[in-house]
Amino acid sequence: MIGMATLKRFMRRLRQLHPGLVLVALLLGAFGILMQYSAAGGDFTVFALPQTMKLLLGFGLMLVLAGISGGALLRFSYVYYGACIALLVAVEVAGVMGLGAQRWVGVGGANLQPSELMKIGIILVLARYLQHIKLSYPHHFVLLIVPSILTLVPVALILHQPNLGTATIVSVIAFAMCFMAGIRWWYFAGTLSAGAAAVPVIFHFLHDYQKQRVMTFLNPDSDPLGAGYNIIQSKIAIGSGGFFGKGLLNGSQGQLDFLPEKQTDFIFTMMTEELGFFGALLLLGLYAWLLRFAMQLAATSRNGFGRMVAAGVAAMFFIHMFINMAMVMGMIPCVGVPLPFLSYGGSFLLATMMAIGLLQHVYIHRHQTMARSSKIG
Amino acid sequence: MRQQELQRLISRRALIFGGVQAAAGVALLSRLYYLQFVHGAEFKTLAEGNRAKLQLMIPPRGIIADRYGVELATNHVNYRVLLDADKRAAAREALQQLETLLQLTEREVKLALELIARRKKAVPVLVREHLTWEEVARLQFHLPELPLVLMDEGTWRHYPFADHASHLIGYVGKVAEGEVQDDQPLLKLPDMKIGKNGVELRYEERLQGKAGAKQIEVNAAGSPVRELNRTPPVAGDRLDLTIDSRLQEYAVEKLGEESGAIVVMDVNSGEVLALASMPAFDPNEFSKGIKYDYYQTLRTDKKIPLMNKAIAGQYPPGSTFKMITGLAGLKSGAFKASTRVHCSGVFYLGNRPFRCWKKGGHGTVDMADALAGSCDTYFYTVAREAGIDAVADIAHAFGLGQKPGLGLIGEKQGIVPSPAWKRSVGRGVWNPGETINTGIGQGDTLTTPLQLAIMGSRIANGGKKIWPRLLMDEAEKIEGQIDIDPEHLAVIREGMYRVTNTPQGTAFGSTIADAHYAFAGKTGTSQVRRLLVEGQDQKKLPWEFRHHAWFVGYAPVHAPKYCCSVIIEHGGGGASAAAPVARDMLLKVQQLREDPPVPLQPAARPS
């Protein structure tokens, strides 16, 4: 199936990898492993080791995605999307309950979170669909129908798990991609107002714990030992960090168990407590570079698919970073969303590295116009 | 749409999206800056508050000792066994093992399980305290197998003299709700005990010491991780009392089964050498947490063991008051030492008869004789001639009707009746009959044994206004000199001498033959119920209706040093019941003082 010629082409493409992107990805990955080491209280085996394994696996995936041909990727898009939908259904049927929600399914000895993988799926499938969009079409409101279905099916499945955070993220990625595709923005305005009007209705249908999250956000001190505890503790930990932080492994709030979930949702809190404002600047600097790289490709890549993928990846990274950091600093209600590269969690780390791989792919193919891609797809 | 337009649209969109990202980034950084720098100090404090807890350490309580260093109140180590289990099942298992090791009762097990179920934080629960040496050894041996069990030491207050000095020393107990103020965090600790009465309460400030503090780092569960720093507690002061424990023991022995009190004072320095009140209670029972049954027994006993009769028992002084009357008479000029009065057994105030205790009377007597024989008639006369105000003045000058100033809780000040006093308590106008009664120490007159000791001391030391004191390191308290003619005092003292050393004296039966130790004094009998039948035999009456028996005296006569006052409640007659006790006390104190033990720890002296 994969002949020598294919392999040669693969290697040739790999030589065109953007070194800066590889470096930034590795730096962020290493940063993450360092934080996992601290989260375990100075023990490498608890979180840091599994994270490293996943990172290496992800690095492999990145190379694969970067090096495959444009056509192969286009074909892969629908397949991947289909597989993710299948997995989401499987979770409904045979899912493992964790943290009071069905989110995992066991696959060959490992636990996979299909909802995380769906993030890549939505990027690929929407990019596939939106790349040929004819914006001259007079009522291209109709153009929204297919993307809506493609988005709503997984979002519904994810919401049913229940997983409000990921459902939101998939929706936002879809939204951002449609925006970047050029669809007239007052169609969005319509959806947005419909969405805003629907908020009280949705609130009524939310699960109790989700309702509680909103109430707690509005007043964390109303239940300082219960729901508001996390945010209050997070703000204390962050605020007490200072410019250079308290030093690695010296975060008193983190190390003394005052911070729950410090290896996942509150990893940023732990990081700023230990490495201070300086550490946060470093992290945000790396993220900013990543986003700039993606946005540049989204604006200048000469093929539609590449632009869409880059925009999707940018949206994915952006929304995760923003929600996580805003949440732990008490700017928005408590929504559990991982921080790219830093949070502990295999499925999302793999998705992250796949996203980097996709960016590399887009970069490598940035000069190829649509004609070339569509011939094959 | 042409390529160019599309390109422009895309660029614009990218710019907008990029702009949103940049704005978000700025918002995040601003928020971070806000948390870390604008409110940084506040959060740093909260972080510290999370992790560092201040624990107060109870200071060791000061020891109370007698004048030779014999310990009257000390601190003993209290070994306790505690259980620190989260789950009921684990607790039950541990308790089962402890049951066999320590022979826990069913009640102890039930209580421990209840406390475990109810506890909020990870605080170990007390299973049993005051472990015996054997239990400690057994527990220690098996401790490694019992990971949820802890052993610790506390202290508890121990009183070696138990009920022999209980009223004087007092006892310690848990701090009650109303006793704590906000600026006294030490008193809020559950194991803290403070003085409840006696010396323990009076000198609480000196005995308490200063709390120590430990700063420990805790994690979110409240479990200690490590100690950050500590300030050690300062032990309370050691108090050396003026009491001689040998004399105190002797006093208790002398009181025996009787209900009463004994006070022995040094007439020149005011040092209290013995202060006993019987029956008493065992303060060690209070120290460990008094049992309900024992407390009920104490409360319902007719002889009132919980009251310190030496300072709180107020009784009519009876004939012991006659010295006051005599001095008032002499001072007023109405009487001279040689003035004679004929006693026929009855005295008339107008038409009203006042009887003398001696049927048939004493015959014609002068003041000294009258004192010796305790003639009521004589002193009725003196009282009438001198007037109640003169009598009251002298009474006050000799310490009656005033608080003795030891500061012990329950100290009473007695009553010296007078027209002014009667008006002030709203009982109206004074009638002359009351003067007569007051003259012989009956009626409304009330004194405590301590007050009589003060009175006796002032007579014995030549009229110096001495006040009693309990601490070796307190300075002498002399409030000047009583305005009294030394010759008058001499007459009174002669009378007191005759009471115990001449056959006419009412207490001659208790005389000390050896002139070196000879004592002088006065008997007293205070009526509880009016004599219904003349000459009624006291012994035939029920106990609670018999008269109280008094004696107050001093020794040695040639150079007075010690004064002793004795009351035997419902003892019958002063001569028969109280005088022998006082005699023994005065003899003993002189003998003991000639044979002092080597001080175990030198007592502090005033600097």
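All chains are named by letter (A, B, ...) in the order of the sequence lines, taking the proteins before the strands, and each is independently numbered beginning at 1. These figures come from a predicted structure and were not determined experimentally.
For A/Phe278, the CZ atom sits in a loose shell: 12 or fewer heavy atoms of surrounding residues, nucleotides or ligands are nearer than 6.0 Å. By the neighbour-count criterion of 12 heavy atoms within 6.0 Å, atom CD of B/Glu227 is densely surrounded, having more than that number from other residues, nucleotides or ligands.
If you tally non-hydrogen atom pairs under 4.5 Å between each of B/Leu15, B/Leu32, B/Thr45 and chain A, the highest count goes to B/Leu32. Between chain B and the residues A/Ala280, A/Ala294, A/Ala314, A/Gly242, the most heavy-atom pairs under 4.5 angstrom are made by A/Gly242. Between chain B and the residues A/Gln296, A/Met325, A/Arg292, the largest count of heavy-atom pairs under 4.5 Å involves A/Met325.
Between A/Ala176 and B/Phe17, the shortest heavy-atom contact is CB-CZ, 4.1 Å. Counting all heavy atoms, side chain and backbone alike, A/Phe322 lies closest to B/Ala24 at CD1-CB, 3.7 Å. Taking each heavy atom of B/Ile10 and A/Arg307 in turn, the nearest pair found is CD1-NE, 3.2 Å.
Rounding to the nearest 0.5 Å gives a distance of 7.5 Å between CZ of A/Phe268 and CG of B/Leu28. Annotation: the span from A/Ile236 atom CD1 to B/His39 atom NE2 amounts to 13.0 Å, rounded to 0.5 Å.
With a threshold of 4.5 angstrom between heavy atoms, B/Val38 does not approach chain A through any atom at all. Both the backbone and the side chain of B/Ala27 have a heavy atom closer than 4.5 Å to some heavy atom of chain A. Of the two parts of A/Ala326, the backbone and the side chain both hold a non-hydrogen atom closer than 4.5 Å to a non-hydrogen atom of chain B. At a 4.5 Å heavy-atom cutoff, the contact between A/Leu281 and chain B is made by side-chain atoms alone. With a threshold of 4.5 angstrom between heavy atoms, A/Leu284 approaches chain B through side-chain atoms but not through N, CA, C or O. Interface remark: B/Tyr34 contributes no atoms to any contact with chain A (heavy atom separation under 4.5 Å).
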Yes or no on side chain to side chain contact (heavy atoms under 4.5 Å, CB included) for B/Gln36 and A/Phe243, after CA distance, side-chain angles and deciding distance? CA-CA 8 Å; B/Gln36 288 198 315; A/Phe243 191 79; over 6 Å; no
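Formation of a donor-acceptor pair under 3.5 Å by the B/Arg13 side chain with backbone atoms of A/Phe179 is found in this model.
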